[in-house]
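Reminder, nothing fancy here: chain letters follow the sequence lines and each chain counts from 1.
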2 protein chains.
Amino acid sequence: MSKPERDPSAGRHMTAEIAEQPAVLAALFAGRNEIVSVARAVRDRRPRFALLAARGSSDHAAMYAKYLVEVLLGLPAGLVSPSTVTLYESEPDLRDVLLVTVSQSGGSPDLLAVTESARRRGAVTVAVSNTADSPLATAAEFAVSIGAGAERAVAATKTYTATLLALYLLVDAVRDGDGKQAAALGQLAEDTLRDCADPVDEAVGRYRFADRMVACARGYSYASACESALKLAETSYLPARAYSGADLLHGPVAAVDAETAVLAITSAGRGGEAMREVLDVVHERGADVLAVGSAAASMPAAHRIVLPECAEELAPVLEVLPAQRLALGLALARGVDPDQPRGLRKVTRTR
Amino acid sequence: MSKPERDPSAGRHMTAEIAEQPAVLAALFAGRNEIVSVARAVRDRRPRFALLAARGSSDHAAMYAKYLVEVLLGLPAGLVSPSTVTLYESEPDLRDVLLVTVSQSGGSPDLLAVTESARRRGAVTVAVSNTADSPLATAAEFAVSIGAGAERAVAATKTYTATLLALYLLVDAVRDGDGKQAAALGQLAEDTLRDCADPVDEAVGRYRFADRMVACARGYSYASACESALKLAETSYLPARAYSGADLLHGPVAAVDAETAVLAITSAGRGGEAMREVLDVVHERGADVLAVGSAAASMPAAHRIVLPECAEELAPVLEVLPAQRLALGLALARGVDPDQPRGLRKVTRTR
């Protein structure tokens with residue numbers, strides 16, 4: 001395929017939207033009362049199970065929320081496969097079930113079908129999206145707007161981190177939390193973006209010619225590994241794939257060798273600590289390991305991007321920031337415009 | 001890394017175990033009464049929600065079972081992230097919940113912890129494994145043995161397809177089905193293995209030097225795409241990753257170009273039909289598409305492996321057979337022994 005001419009404005013939307021994140025997160029926290037009132041209504045309905053439905057980047061936010069629901073609320077939870085509704089017309093009994101639909105645009109027809117079907121079947125439905133009057137927000141009984149402002153780049157950045165925070169604030173408020181662990185996130189995101197600039201530039205140089213990358217993490221941060229891999233694959237076309245650290249050791253580690261770049265998300269807490277044994281194996285196999293997170297300094301890795309520490313369940317909001325920058329930088333270095341990935345539309349109309 | 005000397009016995013376990021599958025499937029069907037009695041006990045407990053727990057290849061069998069549970073039983077279902085129990089000590093209320101744990105060895109410590117915790121919390125627990133007296137089978141209230149015999153190759157083949165069939169028979173019996181759609185599977189597997197030999201040989205030649213492969217499918221067959229990608233990655237070290245066809249269009253299709261090999265699972269039924277629009281896009285981008293399935297003949301693809309038709313919900317048992325052979329053939333062609341992948345043990349002791 002031919003390279004496009006290098007356009008000086010290439011990546012300007014993605015660059016700007018990455019930089020907006022500290023302000024978006026701070027504003028979302030400041031306006032958390034709206035989320036708290038949705039959370040109270042949900043709590044009063046006493047759901048016994050939670051289902052999460054999403055596609056693309058939002059699917060990673062939903063995975064993150066699954067951990068929050070299971071660990072912080074003690075409710076069993078599952079991710080919805082929309083095709084069970086849209087292709088197979090499954091109509092399960094959803095009384096006592098909380099369905100949270102996560103969609104940046106709020107416009108995906110399959111998620112709309114899942115929401116409408118679930119509401120008919122008795123579920124408490126909550127839509128988390130960036131547009132207060134989206135079709136999804138209208139179809140759901142309750143709507144949470146992340147208020148991230150228009151996202152013009154095709155690659156989701158600020159809507160992803162804002163969605164994570166909105167989901168945290170929602171779940172935390174369902175358990176009557178005061179959300180205060182999230183109060184400093186805007187500032188921490190600013191610190192992260194400032195401090196990761198140089199190490200990300202180095203990483204761009206190092207991985208410009210990489211043929212493949214494996215991203216891995218455990219626990220809450222598994223969502224960060226998935227989102228980092230997706231961002232790299234869709235923006236810079238670096239074939240990247242994500243594994244939970246545990247699953248990696250169950251098979252795919254066989255394909256990890258000295259030619260493999262490994263992005264290991266390792267923040268302070270139980271998930272990051274559990275990565276140590278994974279990195280021992282990966283490191284021993286000669287892979288080039290880049291550890292990213294607040295626990296990166298102590299990990300067996302060749303390269304590190306150390307992030308500020310915060311509550312483990314909020315670390316994913318920060319962990320993805322260097323990966324967004326890396327995806328942007330690699331795209332520009334490889335001569336592609338990250339604002340215009342080949343073959344992507346902003347709203348994908350799968351059924 | 002240095003290549004091992006080509007050993008004439010390389011891959012003999014995997015070769016033999018792939019060939020055993022028709023007999024294993026037929027025997028499992030013939031002995032389905034044991035599964036039926038477990039299913040009746042489960043049905044009498046009237047679960048309202050299902051959780052599935054697994055790792056590695058078994059995780060793909062669990063994904064398949066999630067579709068079965070949602071579509072055939074009309075119960076919401078979710079896949080368990082074992083780390084919510086093993087790392088975060090989540091102790092959710094699991095009354096009315098069915099937990100199905102899937103493990104070829106029945107020896108994974110994390111799945112054991114999940115099962116013990118769930119049983120304490122009120123769940124109906126069923127272990128599906130290849131060993132009737134495994135720790136997992138003992139920990140669960142009910143056990144289903146797939147009876148596939150010892151699996152000596154590190155790559156799971158016969159235990160995977162037998163697990164799929166056992167899960168189908170279990171779910172079908174919970175809804176009082178007679179299982180008869182599965183009666184011919186042993187014969188169909190034999191036909192598949194015989195008829196796919198030549199097209200798989202051709203595919204080995206074609207993909208020997210491939211740098212990456214994307215496997216995709218929708219619906220029930222999504223599990224086949226995941227298992228095919230894992231088998232290729234862990235056996236032949238071809239970097240392969242799987243996407244649901246819908247998710248592929250949401251972003252990663254940007255990385256699909258003329259240098260990408262696409263393995264598209266397309267069987268007769270709603271999932272296969274929904275792949276047509278995905279393949280139109282992928283084909284247009286110049287990717288080399290290999291369609292595998294009973295609907296492969298009518299798909300936009302450069303290459304095809306047409307499989308015998310069966311009920312859509314059973315097609316995954318057949319779909320993975322050519323991929324197992326492809327992984328085996330590519331491994332041998334690339335000079336590695338598929339019976340001894342680098343860095344893999346048969347039971348992986350993650351927590």
Side-chain angles (χ1 to χ4, degrees), chain A residues 1 48-49 51 55-57 59 66-67 70-71 74-79 81-84 87-88 90-94 96-97 110 211-212 218-219 222 230 233-235 237 239 241 244-247 249-258 270-271 274 281 285 341-344 348 350-351, chain B residues 1 48-49 51 55-57 59 66-67 70-71 74-79 81-84 87-88 90-94 96-97 110 211-212 218-219 222 230 233-235 237 239 241 244-247 249-258 270-271 274 281 285 341-344 348 350-351:
Chain A
M1 109 214 110
R48 296 224 16 239
F49 316 111
L51 292 174
R55 286 261 182 230
S57 286
D59 208 22
K66 182 172 176 291
Y67 279 86
E70 291 182 342
V71 178
L75 294 182
L79 300 177
S81 310
S83 66
T84 57
L87 299 183
Y88 299 114
S90 160
E91 293 269 301
D93 176 2
L94 296 180
D96 307 334
V97 172
D110 51 358
D211 280 333
R212 61 179 186 270
R218 290 202 67 186
Y222 176 47
L230 176 63
E234 72 177 14
T235 305
Y237 312 136
R241 70 159 300 178
S244 109
D247 285 330
L249 296 186
H250 268 257
V253 74
V256 170
D257 59 22
R270 299 179 184 192
V281 173
R285 300 181 70 83
R342 299 169 292 177
L344 275 189
T348 310
T350 47
R351 281 189 311 118
Chain B
M1 111 213 109
R48 295 220 21 236
F49 197 81
L51 291 175
R55 286 261 181 230
S57 285
D59 208 23
K66 181 172 177 292
Y67 280 86
E70 291 183 341
V71 178
L75 293 182
L79 301 177
S81 311
S83 65
T84 57
L87 299 184
Y88 300 114
S90 160
E91 292 270 301
D93 175 2
L94 297 180
D96 307 335
V97 172
D110 52 357
D211 280 332
R212 60 178 185 272
R218 290 202 65 185
Y222 177 48
L230 176 64
E234 72 177 13
T235 305
Y237 312 136
R241 70 158 298 175
S244 110
D247 285 330
L249 296 186
H250 269 258
V253 73
V256 171
D257 58 24
R270 298 181 186 190
V281 173
R285 300 180 70 82
R342 299 169 290 175
L344 275 189
T348 309
T350 47
R351 281 189 313 119

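Contact annotation for R241(A): both backbone and side-chain heavy atoms come within less than 4.5 Å of a heavy atom of chain B. Using a 4.5 Å cut-off between heavy atoms, S244(B) touches chain A through its side chain atoms alone. If you measure heavy-atom distances from L230(B) to chain A, the contacts under 4.5 Å come from the side chain alone.
Closest of all the heavy-atom pairs between E70(A) and S90(B) is O-OG, 2.7 Å. R48(A) and D96(B) make their closest contact through NH1-OD2, 2.8 Å (heavy atoms, listed as atom of the first residue, atom of the second, distance). The minimum heavy-atom distance linking L79(A) with K66(B) is given by the pair O-NZ, 2.7 Å. When every heavy atom of G271(A) is checked against every heavy atom of Y88(B), the shortest pair comes out as N-OH, 3.5 Å. For A77(B) against L51(A), the heavy-atom pair with the smallest separation is O-CD2, 4.0 Å. Taking each heavy atom of V97(A) and P76(B) in turn, the nearest pair found is CG2-CG, 4.4 Å.
Ring geometry, F49(B) versus F49(A): the interplanar angle falls under 30°, so the pair is classed parallel (tilted spans 30 to 60°).
Around the CG atom of D93(B), the shell of radius 6.0 Å holds more than 12 heavy atoms that belong to other residues, nucleotides or ligands.
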